[in-house]
2 protein chains.
Amino acid sequence: MVINNEEKKILSNYLAKRGLRDTAQRETILEAFLQAEGHLSAEELYDIVKSQDRSIGQATVYRTLKLFTEAGLAREVHLSDNSVRYEHLYNHEHHDHLICTVCNRVVEVKEPAIEILQSALAERHGFNLHDHRLYLYGICKDCRESQDSPNR
Amino acid sequence: MVINNEEKKILSNYLAKRGLRDTAQRETILEAFLQAEGHLSAEELYDIVKSQDRSIGQATVYRTLKLFTEAGLAREVHLSDNSVRYEHLYNHEHHDHLICTVCNRVVEVKEPAIEILQSALAERHGFNLHDHRLYLYGICKDCRESQDSPNR
DNA sequence: CTCGTTGTTGATAACCATTATCGGTAAGTT
DNA sequence: AACTTACCGATAATGGTTATCAACAACGAG
Ligand SMILES: [Zn+2]
Ligand SMILES: [Zn+2]
Ligand SMILES: [Zn+2]
Ligand SMILES: [Zn+2]
C-alpha cells in the first residue's frame, strides 16, 4: 500500500475547509484511485474498492469521485460519448487526449501553442477561460496498417 | 416552408447509396431540423416535429438524427456533460464552442491556427485525424460584470 | 398484379449510468 | 449524555437513449 501523503493532505485540507469529515471510506477510495492507472470509470473504481473493502457502497464511490474532482485531485474525462471517466489531476501536467476510434487507444498529448491560442481566442470574445476539453479522434498507425493489410 | 433542395438531395443520395428508403417521416424531420436554429436536442426536435405531424414517434427522431449525422447533414455537439445536441453541418463552416458556465450562452468560434496545430499534433503521434471536439468553458463579460456588481 | 423480401415505423419495454431518498450510524460539540 | 450534523449503504428512481417487435410500406421478380 503506497502512501500518498500529499494527496491525502490535499483532501484533508479540502474537507476541513468545507466542514466535511475525513472518513475511512474516503481514504480507502482515495488510495484505490491513486493506485489505479489511466482513465477509469466510477464502476471500475468501485470494483477495485470492493476488493479492498466489500462494505463500501457504489453510491459512495460516485459521491467521492465528485469530491475528488472538487478538491482538485481528479479530472473528468469524456473519452467516448457516454461514460464519464476520471484521471489523476494532482501533480499531473495538463494534457489533452488523442483517441483511436478503431482500437480505442488513448494517448495523452501536450501542445502549449494550442493552449495559448485557446486563451487568446476566449479573451478576444470577452470570456475568462477556466477550463477546456479537447478530444482528437483519429486512427492510429497500427490500426491503419492492419486495415490496409491484403486480407479481404 | 422553406425548400432545402441541396440538403434533401444529399439525404436522398446517401439513402440511395445505402439501399435505404426516402420516407415522408425522414423528409418531415429534415425540414424541421433545417428550420431550427442553434444546437438542439433530440427531444427538442421531437417537439417541433410533433407540432407538424403528431403521428411521428420519438424513436424515429432519434434514429433519423443519427442518419443525418452519418449523411453529413448534422453534427453532434456535447455542450454540457450529459445531453447530446445537434447542429447543422452542411454549408456551415467548422467551428468550436465557447460556453459560459454561468449563463450557458454558447458562442461559435473559429481559430484556424488551432486546427492546423491539432493536425500536426496528431500526425506527430502517427494518427490520421478525422474529427475533434474542442469546448472552451469560461465566464462571459456580462456575467462577470453582474457578479462584480456591488450588491452583496 | 401477386408474392416474397426487406427496410421502416411507432409503441413500448428495456437499459444503464447516475442521482435522490431515507433510515440508521458515526463523529464532533456542548 | 444529549444534540447536531455529516455520512453511509441499500435501494428506488430518473432520464436519455436503445432494443424489441408486430404492423406496414416500398420494391423487385416472376
Ligand atoms: Zn489542453
Ligand atoms: Zn488523460
Ligand atoms: Zn475545431
Ligand atoms: Zn455550433
Side-chain angles (χ1 to χ4, degrees), chain A residues 11-33 39-71 74-87, chain B residues 8 11-33 39-71 74-86:
Chain A
L11 180 62
S12 293
N13 285 344
Y14 178 80
L15 294 172
K17 196 169 51 184
R18 292 273 191 130
L20 307 177
R21 291 171 189 164
D22 212 331
T23 65
Q25 288 95 332
R26 285 171 178 164
E27 289 212 0
T28 300
I29 296 171
L30 178 59
E31 279 178 10
F33 173 64
H39 313 88
L40 33 71
S41 64
E43 198 150 358
E44 286 166 355
L45 181 57
Y46 175 51
D47 287 340
I48 298 172
V49 167
K50 255 193 312 192
S51 72
Q52 197 92 5
D53 180 346
R54 184 147 301 269
S55 75
I56 291 181
Q58 194 173 14
T60 303
V61 175
Y62 276 92
R63 283 188 284 238
T64 306
L65 273 173
K66 209 163 270 186
L67 197 67
F68 291 170
T69 303
E70 291 164 7
R75 178 188 179 211
E76 285 188 6
V77 184
H78 303 74
L79 297 187
S80 69
D81 285 344
N82 264 346
S83 61
V84 177
R85 293 175 169 273
Y86 293 86
E87 65 182 6
Chain B
K8 283 187 184 173
L11 180 61
S12 294
N13 285 344
Y14 178 80
L15 294 172
K17 197 169 51 185
R18 292 273 190 129
L20 306 176
R21 291 170 188 163
D22 212 332
T23 65
Q25 288 93 333
R26 285 172 179 165
E27 289 211 1
T28 300
I29 295 171
L30 179 59
E31 279 177 11
F33 173 65
H39 312 88
L40 33 73
S41 65
E43 199 149 359
E44 285 166 356
L45 181 58
Y46 175 52
D47 287 339
I48 298 172
V49 166
K50 255 194 310 192
S51 71
Q52 196 94 3
D53 179 347
R54 184 148 300 271
S55 75
I56 292 181
Q58 193 173 16
T60 303
V61 175
Y62 275 93
R63 284 188 284 239
T64 307
L65 274 172
K66 209 165 268 186
L67 197 66
F68 293 168
T69 303
E70 291 164 8
R75 179 188 179 211
E76 287 188 3
V77 184
H78 303 74
L79 297 187
S80 70
D81 285 342
N82 262 348
S83 62
V84 177
R85 293 176 169 273
Y86 293 86

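Below, chain A is the first sequence line, B the second, and so on; all start at residue 1. Being a predicted model, the structure only gives us computed values, none of them experimental.
Closest heavy-atom contact between A:Tyr86 and A:Glu76: CE2-CG, 3.6 Å. The two atoms that bring B:Gly57 and B:Tyr46 nearest to each other are C-CE1, 3.7 Å, heavy atoms only.
Distances were taken from every side-chain heavy atom of B:Thr60 (C-beta onward) to each of C:dT9, D:dG9, D:dA19; the shortest belongs to C:dT9.
B:Lys50 has its NZ atom 17 Å from the C1' atom of C:dT9, to the nearest Å. Rounded to whole angstrom, the span from the OH atom of B:Tyr62 across to the C1' atom of C:dG10 amounts to 15 Å. As a whole-Å value, the separation of B:Gln25 CD from C:dA11 P is 11 Å. Atom CG of B:Leu45 and atom P of D:dT17 are 12 Å apart (whole Å). Regarding B:Asp47, its CG atom lies at a distance of 11 Å from the P atom of D:dG16, rounded to whole Å. Put simply, NZ on B:Lys66 is 7 Å from P on D:dA19, counting in whole angstrom units. Between the C1' atom of C:dT9 and the CG atom of B:Leu20 lies a distance of 14 Å, rounded to the nearest Å. We find that OH of A:Tyr46 is positioned 16 Å from C1' of C:dT19, with the value rounded to whole Å.
A:Ser41 comes within 4.0 angstrom of no nucleic acid atom, judged by non-hydrogen atoms across all strands. Residue B:Arg63 is in base contact, counting any heavy-atom pair closer than 4.0 Å across all strands shown.
Side-chain N/O atoms of B:Thr23 include one lying less than 4.0 angstrom from OP1 or OP2 on C:dT9. Side-chain nitrogen and oxygen atoms of A:Arg26 include at least one within less than 4.0 Å of the OP1 or OP2 phosphate oxygen of D:dC8.
Residue side chain A:Arg21 reaches the base of D:dT5 through a donor-acceptor N/O pair under 3.5 Å, judged by distance alone.
The backbone N or O of B:Ser12 lies less than 3.5 Å from no partner atom in the side chain of B:Arg26, so there is not a single donor-acceptor pair.
Put simply, the side chain of B:Phe33 does not reach to within 4.5 Å of the side chain of B:Thr64, judged on heavy atoms.
Checking each of B:His39, B:His78, B:Glu44 against B:Arg85 for a side-chain hydrogen bond (donor to acceptor under 3.5 Å, both in side chains) leaves exactly one that passes, namely B:Glu44.
Each of B:Glu43 and B:Asp22 was assigned the nucleotide of DNA chain D with the nearest heavy atom; the assignment lying further toward the 5' end belongs to B:Glu43.
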